[in-house]
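Notes follow the structure.
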Amino acid sequence: MSFDHTPNGARANSRPSYSASNSRGASMDEEEFMRRRSTMYRRGSNMSEASFLADVDMAQDEMFSGPMSESVPTATSSFAHRRLRSDSTASFEFFDEELDADDDMEEYGQDEEAVEDEDVLGALERQGSFDAADTFLEPELEEDVLSVNDNGHARRRSQRSRKGSGASKSSRGTRSSVDAPLLRRHHSGGSDTSGYRSGGRVSQKIYILSEDMTIVVAGFKTSLFGFALYVCICLLTAGLGYLIFRWLPKWYVKLVGRSAELSKCDWVVVENQWGEMIVQDTQKQPFGQSLSSVFGQSETGKMMDYDEYDDPIMDELRILDYRYIRFCFHPLKDKFISGNVWKDPTWSNMEALTTVRAGIDSDEQENRERIFGKNEINIEMKTTTQLLMDEAFHPFYVFQIASILLWSMDKYYYYAGCIFVISVASITTTLLETKATMKRLREISKFECDIRVLRSGFWRYVDSSELVPGDVYEITDPNLGQFPCDSLLLSGDAIVNESMLTGESVPVSKTPATDETLERINLSATAMHADVAKHMLFSGTKIIRARRPQDGDKDQDEEAAALALVVRTGFNTTKGALVRSMLFPKPSGFKFYRDSFRYISVMACIAGVGFIASFINFIRLGLEWHLIIVRALDLITIVVPPALPATLTIGTNFALGRLKKKNIFCISPQRVNVGGKLDVMCFDKTGTLTEDGLDVLGVRVVSRPANRFTDLLSHTSALLPGATYERDPTYDYNANRAILYTMATCHSLRIVDDEFIGDPLDLKMFEFTGWQYEEGTERGAVNATEEEDDLSLSPSVARPPQGYEFDLDVDQDSPNSRRPIELGVLKSFEFVSHLRRASVIVRQFGEKSGDVYVKGAPEAMKDICKPESFPADYDDLLAYYTQRGFRVIACASKHIFKLNWLKVQKMKREEAESNLDFVGFIVFENKLKPISESVISELRDADIRTVMCTGDNILTAISVARECGLIDRNAHCFVPHFEEGDAHTPLAKLTWESVDNPVYQLDEHTLKPLPPPPEHDSSLPYDVSNLRNYSIAVTGDVFRWLVDYANPKLLQQMLVLGQVFARMSPDEKHEMIEKLQSIDYCAGFCGDGANDCGALKAADVGISLSEAEASVAAPFTSRVFDISCVPEVIREGRAALVTSFSCFKYMSLYSAIQFTSVSFLYATASNLGDFQFLYIDLLLILPIAIFMGWTGPYRELSRKRPTASLVSRKVLTPLLGQIVICILVQFIGWEFVRKQSWYQPPVIDRDHSNSHNSENTTLYLLSCYQYILSAIVLSVGPPFRQSMRHNMPFVITMFVALAISSYMLFDPAPWLYKLMELTFLSSVFKIFILVLGIGGFCCMYLSERLVFPRLAKAIGKLYIKMRGRVKERKQYKVTLEKMRI
């Protein structure tokens, strides 16, 4: 039985906290750690697996549960990489972890051999080659890894420290319930409450690695008695019971559900660690296929308790779709397992895939479609009725409806009618926006076209939705503009635009997969291995060009097409993950919203006190019961104002609008407020701080045989003269030729529509040569033989410009002397970030020999070149250029005799890039962007720390950092190097030397400056006086060693002092951000490329410089390609944060003022009139609250940060103080009017309230001034927002409101006098009301500016004195204080 009306999950207000600095691994005490350390175990360092392919995060309310404040999906927080939650300590309603963990200790407790082979796992982890099941790491799979010992027997061992810094410490002999293998096959000792029954598993915990989310699945059947009781409760309470069960779904499940085994349940409850819970049906269908057809062979072959070759038939297929992630029930393991980890056993070698042209048959296609679903990203659209119910039954609107009924019963028809119209308009607007948003999302996600597919050995056209894993299709179809699924390229080649994934519009080349690709591919991993990614065609990425392979046999149509193999479909693809992240963004961890609802609950308690007091008073006055109840309930509607939820987002929405005008786009509105709290901002260098396009300054070649560098050669004519008479006869031009040929051939450029596309550096380098380039075609065959003719191959060819066509160094008598230079690129090894180099194998047309040309980072050359080929001044010249901010690329080459096609194809990268001759440097000029220096200066003046994080050389990075003011030009910058060992040596020793004068050093344990030696002349530049402002620059290998092996205290000291992080890989950038966050920094990152994606996602505020309006890369995207966007985001964030607080305080004060007025009037059974309420709520409060948020940010960034905590003395002290002042002012007015000779007392009517009296008129008019003038008091200006005078709509609203209120006070028209139910006031008393209102304003204004801040400080000191301990400070501040010189 299914229940579509089942309530959506309520959001939990609290989230588990995770620290990236819990560094030593899980479930081990100090002794265990020392044992590992002594055996050189690597400390869990939370090494990032992020890449541009990392699945985007998700989690929030289910689709459209409750009102949506944004018309665009808040995909933003989807890109904030939190600490891994596999070790989440969140409690789950339907999963007893403690008992479950105890039972598991009983079962697995004896396996203490633990981590004896951790290096194997470490290698697997670094390669990203985890088993398919590990993607959805259930505790059992996470903990228990099967390994094979030397004699071939399988054994079970624990991998407890897998999550590294995400794990928490516990004492030996116990495991935290999260890290224990919670879910196992049942045994007789299992407890019903611990997730097991005598027959099988009733609940299961799953950690979804790709979503960084832990869920619990619990099975249920419907209890007929419970369901009957539920129906009775709903009917007897006139629907109130239905609402309560809708808002509290746990109650519904406990009443209606009866716990059942997962293998037999009718429906399941799925709950995640944020407390969001849904009830969902499981799909059941007859199947009749083998187990391996659903779970693959790895899921059947690794089971300990069953025969290795046992592959039973599944009679029934049980499917659970949760947030578009498909789980299939495994009958032997008795649990749900992810459906996206399947890999066809026939995907074993490329030869089989490319030569056996059969595809899959129709029956197999139908079976796979049943298992994996259709290849479509089809978002389920709720009907208008469902959406309307979701909106109307939200607690906020139910409260509104109840209030409207209450007001109608009290004959406040006009007010009730207006609020009803506003509520209907609000619901309608939200509904229309939701429908429009879903329509846009469906348009983005839905893709249908006809695809040419190979089925049963024949080519046919099918709809793209019919593709299943294992299909082979053609990508060279001219009608295909983007890829319909995730595929592996089998033949041909392609150039694609992956900006949707990376935010970077540089086209990416794709080449056919190899056998190694098939071995490495892990469809369940969060990040695809770099060597696999270059062969993967990702769903939704645009095809710039797809080319057929050029093969010897042109008659075979299928051979002439570029083919791809479908590996993932639908929501399992990268595009599906992006859409999921938009539908289910993670709940924001920002405390303001949580605190605001806490405050509302406190106010509701105050209303409850008022309710009781009024109730007793009305009974004393002898009023009718219906009036007593209505009046008392009315107080609650006053304390919780209707417009409150809307005002919480006003500041953010205005900030988003202003940012959009400045070409800064945001897909995560809640991130705007976080921008106001940034402590540190990290920048990439190239393309962010410096210009994107580097100009070639020139070339420094190694002259032979002197083995010295030549002068800077700034033109190709000087590098390799084209005429014999221009050449020096005593000079060997081989090195010159090699470096020129390297520049002409070793690059990633491609030609599309007669234009070069590719890396900007490669383009500048190639343009410097002046050569021509003709792109070749990929070879289709994989089994070439040595005898094949070269004509069957069409490589890319580079040709020199006119006048340089012939090689002058060839013997003129040789037949090759008049043969033009044509360099064919037989094979290329693309740039790999961890190797930091790229290479090509090249052959001159007609020659039998060839050459290898390599270019890369100068540091990477020492491992692959002959030591004797380096000039003696190699390091000195490199330092000369890098210290002046130039980018230096090193080149090397070697000659290979007798080179043929087969030898080239079999040649490994390690073989090609070895035993090379270093030939010289290419020097690039990297100019600083004009705006960089001023922005860095502005951030430093605002006490926001600035850090550079780049993949470039450390000396170049330091030079650019000094040039832009990121580090002090005159202060020492210390750089560490390994004195003993290297990055992989646990007991390595570091020496920290000044880059300007190595005499100055830092203490290796404290990172404080050591005194210079006595013989040193300290009057030299960079002397002792400059040590006070010193900074640190570290390279990626030192950073890795500090994270993996160093004392945590030393790591923290490095993190607070480090200003430049150079030679950082993408993973290290990501991890650096997480380490900064681990010591309580609120960290931002600004970058421009795919290398920065991990860091952009991990940062609290990530800003991508990109042409796209939105990408998976970052929550903020700037179309202005410089860092001027950073202070703009911070300014707007601060303004939005302060605006949210101001609006909230104003709405709270408005409630308190009205509550006070009504409470005074209730004393004599009076109340405010219908139109008085209307005037206050709609004509005063609504425009004032809206236009308060209109004020823009202040132009200068202050050193002071705005507070982000609502429940703090800085916020609550002034707010409570203002409430007290308002109560006193109203009390004075109420007391004085009763003493006047013309005082008209209220007439007590047992049936209805009388609002026509002097108390009512006085308090109404006085409160009008309080509403208006308190907005001026709470409207915060500098240093976070502009002053009030810049906000003209607000100023005009103030004047109009004051004018109307004064008009009502002094000389209202008869119709207005009657409409507002006013009574006579003497002229003197009218002036008294005005003076009282203005006096109250002056008192509030002065108190807000002068008294309350001091009072809040005094309360803080008193609180600390009473508690006897100081407030906990941020970790980085504590570390900095300890390091002060």
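Being a predicted model, the structure only gives us computed values, none of them experimental. All residue numbers in this chain count up from 1 along the given sequence.
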What's the shortest heavy-atom distance between [X] and [Y], and which atoms?
X	Y	answer
Arg1281	Ser1275	NH2-OG, 3.4 Å
Ile1103	Ser1118	CG2-CB, 4.4 Å
Gly651	Thr1139	CA-CG2, 3.5 Å
Ala942	Arg1134	O-NH2, 4.4 Å
Leu689	Ser932	O-OG, 2.7 Å
Gln1052	Thr1375	OE1-OG1, 3.5 Å

For the [atom1] atom of [X] and the [atom2] atom of [Y], what is their distance to the nearest 0.5 Å?
X	Y	atom1	atom2	answer
Arg1063	Thr950	CZ	OG1	8.0 Å
Met1072	Ser1065	CE	OG	11.5 Å
Ile757	Leu763	CD1	CG	10.5 Å
Lys660	Leu656	NZ	CG	9.5 Å
Glu767	Leu749	CD	CG	8.5 Å
His972	Tyr1000	NE2	OH	5.0 Å

Side-chain heavy atoms of [X] within contact of [Y], under 4.5 Å:
X	Y	result
Leu1076	Cys682	yes
Asn1287	Pro1289	yes
Ile1130	Leu939	yes
Lys677	Leu1137	yes
Pro1115	Val1101	no
Tyr1081	Val1056	yes
Cys973	Val1060	no
Val672	Phe1116	yes

(message) Determine whether Arg1131 and Glu938 satisfy the following criterion, side chain to side chain contact (heavy atoms under 4.5 Å, CB included), listing intermediate values before the conclusion.
(response) CA-CA 12 Å; Arg1131 270 194 285 267; Glu938 184 180 5; 2.5 Å; yes

Using 4.0 Å as the upper bound for N to carboxylate O, is an ion pair formed by [Y] and [X]?
X	Y	value
Arg887	Glu691	no
Arg1199	Asp941	no
Asp952	Lys685	yes
Asp1080	Lys1370	no
Asp968	Arg940	no
Asp679	Arg1201	yes

Side-chain donor or acceptor of [X] paired with backbone N/O of [Y] under 3.5 Å:
X	Y	value
Asp1100	Gly1084	no
Asp762	Ser748	yes
Ser1283	Gly1277	no
Lys929	Phe1121	yes
Gln1059	Met948	no
Thr882	Leu955	no

(message) Pair Leu1055, Tyr1372 - check side chain to side chain contact (heavy atoms under 4.5 Å, CB included), show working.
(response) CA-CA 8 Å; Leu1055 289 169; Tyr1372 75 87; over 6 Å; no

(message) Exactly one of Val947, Leu1057, Leu966, Ile967 should register a side-chain contact (heavy atoms from CB on, under 4.5 Å) with Ser1031. Which one does?
(response) Ile967

(request) Determine the interplanar angle of the Phe1039 and Phe1061 rings, folded into 0 to 90°, and report it as parallel if under 30°, tilted if 30 to 60°, perpendicular if over 60°. (result) perpendicular

(request) Apply the test side chain to side chain contact (heavy atoms under 4.5 Å, CB included) to residues Thr1191 and Phe1290: give CA-CA distance (whole Å), side-chain angles for both, the deciding distance (0.1 Å), then the verdict. (result) CA-CA 8 Å; Thr1191 309; Phe1290 181 70; 5.5 Å; no

Got more than 12 heavy atoms from elsewhere within 6.0 Å of [atom1], [X]?
X	atom1	answer
Arg1285	CZ	no
Lys1210	NZ	no
Lys1200	NZ	no

(message) Please evaluate residues Ile958 and Val975 with respect to the criterion side chain to side chain contact (heavy atoms under 4.5 Å, CB included), reporting the C-alpha separation (whole Å), side-chain torsions for both, the decisive distance (0.1 Å), and the verdict.
(response) CA-CA 10 Å; Ile958 292 170; Val975 175; 3.6 Å; yes

(request) Return the set of residues passing ring-ring contact (aromatic ring centres under 6.0 Å, His included) with Tyr881 (not counting sequence neighbours), or none when no residue passes. (result) Phe886

